[in-house]
2 protein chains.
Amino acid sequence: MTRKTPNPGVVKMGDGGPDDRFQRLLEAFPEPLRDRLTAELKRVAMAEGTVLVEDGDTPSQIGYVLSGLLGMTKHLPDGRRHIIGLLAPTDMYGRFHEQQFSHRIEALAPSEVLTCPRDLFETLLREAPAAERLFLIDMLDELDAAREWLLVLGGPKVVQRVASFLLVLSRRKLRARGRDAAAHDQPLNLRLDIRRADLAQYLGARAESLSRAFHELAEAGAIRINDPYDFDVTDLEGLAYFAGHDLAADSDYPGPGDRDP
Amino acid sequence: MTRKTPNPGVVKMGDGGPDDRFQRLLEAFPEPLRDRLTAELKRVAMAEGTVLVEDGDTPSQIGYVLSGLLGMTKHLPDGRRHIIGLLAPTDMYGRFHEQQFSHRIEALAPSEVLTCPRDLFETLLREAPAAERLFLIDMLDELDAAREWLLVLGGPKVVQRVASFLLVLSRRKLRARGRDAAAHDQPLNLRLDIRRADLAQYLGARAESLSRAFHELAEAGAIRINDPYDFDVTDLEGLAYFAGHDLAADSDYPGPGDRDP
DNA sequence: CGCGTCATTGACCGCAGTCAAAATAAGTGG
DNA sequence: CCACTTATTTTGACTGCGGTCAATGACGCG
């Protein structure tokens, strides 16, 4: 470990609030099963850079992110790395029925995960159809989420992608906080705990471009930059504007002409 | 219907060969259940542009693509459309347990689908755990596939994305054809049946840029363009080269310096 | 205090988005 | 069957975003 720890301690890009999916899943298990499961849960802490699962592995454990930030990464033969997904608190990862991973999972920040033996989890799922159904729905949700990201990353301009990214994080936080309208107007604090270079890979850009994008958003008054890892979202609407419209299109639509009439 | 039909009749971006997932799924059902299911299957043909599922719907049918090409599309409030996924033959679509769709599904080319009542399918899945497990694995595979696309679409250059796209299609076709090595050397024919403008939206580019990219690949000898909808892949290796490396990086790495030592 | 890491800023330039127009193909009506 | 219209792809010229390279600044650490 050579790298500094941006924000030591607990990190949140989403926190185990009412939206805690694992909690919901646990509650779908009938009492005796749930106890068998919780007895086997282990809390593991790890440093940034730790590789939890290697590409091609079929690990015997499944995991649930408690704190920090994990990344799903693909490594090309020539050595370049791509980040194809992020795992924040309340996210799960794992494979079932001897499927193997098609990517690496590594800690992008110091993190904590809850692990559980894969075979036990599978057995219990089979014994509790209600839980299995809930789990399947979760999977489908994640599939949708992955496709949402396609939309985000499909945006041609970097500012757009950055704004979309911050927007997703904001919404996630707001949802976790509960839906009380009061919270909507006060500045929303986001602590990222991901290095510029990593975020750049994820958003399909360079660290330099991200820097420009963040500062552009700051100058427009949509966010405030406290330090490279800590932001306040001061104008959610404005952020949505940057996310949706091209910058070039100020009062005019960028291209209304590419849909069928 | 005002638009021409690029290639009337059967279309294949993948054909129901040994990789036919639906077939495999069907076979996982025990005899009596399978018959109940097949009795309810309906074959439906539709014209290009048909909307099968509207964003937000919870349709009573699930579908399986027999021929043609469907697209998952998202519509932004300002009217712009994004294609976030393609459904080719052997692909399935549907929601379960009252989940609603988060995108529209429409035919990008004249297509045929096999439909099946959602509730029946769900019931049968519950009665046949083996099939349910198979189905769950399929879902997870699709999740991985969606992330693969993230990698493809993350490529900075258009040629890269186009090459990756063709590569995925090629591999899919080869897999369907069986793994005999003989087929690897002979030119592989790809019939796309997707208009440039649609493909452009999917790959996050403009139709003009695609045109340039295709012809760049053709000049490099990787593909041959028979007509705008019909290609021969003459050099799979070369295609992989374009997909992986930046063009700029000929004999030199573009940026080996952004991984930890 | 010097060094390494990382974010930021500036200068340069290439890829691709944009606008415009030509070329090709398909469809229509005489 | 041909002239005309329409839809779509292709090509060209221009411009701007962002990738690239290089330098500076900020911060933590040995």
Side-chain angles (χ1 to χ4, degrees), chain A residues 1-8 48-49 80 108-109 154-162 192-201 203-216 218-219 225-231 242 246-249 252-261, chain B residues 1-8 48-49 80 109 154-162 192-201 203-216 218-219 225-231 242 246-250 252-261:
Chain A
M1 266 311 294
T2 66
R3 203 184 288 142
K4 83 159 175 180
T5 296
N7 281 297
E48 176 183 0
R80 281 177 298 170
L108 300 178
K157 299 209 186 15
V158 175
V159 212
Q160 227 174 340
R161 300 201 287 270
V162 171
L192 289 194
D193 266 15
I194 178 176
R195 289 178 307 122
R196 281 285 193 279
D198 284 338
L199 185 58
Q201 287 192 6
L203 293 181
R206 302 281 115 172
E208 297 94 320
S209 302
L210 285 197
S211 183
R212 294 186 230 276
F214 276 117
H215 286 272
E216 184 174 346
E219 274 168 42
I225 305 176
N226 302 323
D227 71 65
Y229 297 96
D230 193 286
F231 304 89
F242 277 101
D246 290 354
L247 269 180
D252 208 352
Y253 278 105
D258 47 355
R259 284 162 49 241
D260 348 14
Chain B
M1 264 311 292
T2 66
R3 202 183 293 142
K4 81 157 177 182
T5 296
N7 281 297
E48 176 183 358
R80 280 175 298 170
K157 299 210 185 18
V158 175
V159 213
Q160 226 175 339
R161 300 201 287 269
V162 171
L192 287 193
D193 266 15
I194 177 175
R195 289 179 307 121
R196 282 283 193 277
D198 283 338
L199 186 59
Q201 287 192 6
L203 294 182
R206 303 280 113 172
E208 298 94 319
S209 302
L210 285 197
S211 183
R212 294 187 230 274
F214 275 118
H215 286 271
E216 184 174 347
E219 274 168 42
I225 305 177
N226 302 324
D227 72 62
Y229 296 96
D230 193 285
F231 305 90
F242 278 101
D246 290 352
L247 270 179
D250 213 37
D252 210 349
Y253 280 107
D258 47 357
R259 284 160 49 242
D260 347 15

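Chain A is the first sequence line, chain B the second, and so forth, proteins listed ahead of strands; every chain is numbered from 1.
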Using a 4.0 Å heavy-atom cut-off across all strands, classify A205(A) as base, sugar-phosphate, or nothing.
sugar-phosphate
Which heavy atom of A205(B) sits nearest a heavy atom of R161(B), and at what distance?
CB-NH2, 4.0 Å
Which heavy atom of A109(A) sits nearest to which heavy atom of D193(A), and what is that distance?
CB-O, 3.4 Å
Interatomic distance where [atom1] belongs to [X] and [atom2] belongs to [N] [whole Å]:
X	N	atom1	atom2	answer
E216(A)	dC17(D)	CD	C1'	10 Å
Y229(A)	dC6(C)	OH	C1'	7 Å
Q160(A)	dG17(C)	CD	P	12 Å
I225(B)	dA25(C)	CD1	P	13 Å
E208(A)	dC13(C)	CD	P	17 Å
D193(A)	dC6(C)	CG	C1'	15 Å
E48(B)	dA7(D)	CD	P	13 Å
R196(B)	dT11(D)	CZ	P	10 Å

Could you check which of dG18(D), dT20(D), dG17(C) has an atom nearest any side-chain atom of R161(B)?
dG17(C)
Check the phosphate of [N] against [X], side-chain N and O only, distance under 4.0 Å to OP1 or OP2. Yes or no?
X	N	value
R195(A)	dC6(C)	yes
H215(B)	dT9(D)	no
S209(B)	dG17(C)	yes

Kindly compute the distance separating [atom1] ([X]) from [atom2] ([Y]), expressed to the nearest 0.5 Å.
X	Y	atom1	atom2	answer
R195(A)	Q201(A)	CZ	CD	9.0 Å
L199(B)	I194(B)	CG	CD1	5.0 Å
L192(A)	D227(A)	CG	CG	9.5 Å
R212(A)	E208(A)	CZ	CD	6.5 Å

Applying side-chain contact (heavy atoms from CB on, under 4.5 Å), name anything that partners R196(A), two or more places apart in sequence or on another chain.
A207(A), L210(A), F214(A), P228(A), F231(A)
Angle of first-five versus last-five pair axes in the helix from dC1(C)-dG30(D) to dG30(C)-dC1(D), to 10 degrees
30°
Under the 3.5 Å rule, do the base of dT18(C) and the side chain of R212(B) count as making a donor-acceptor pair?
yes
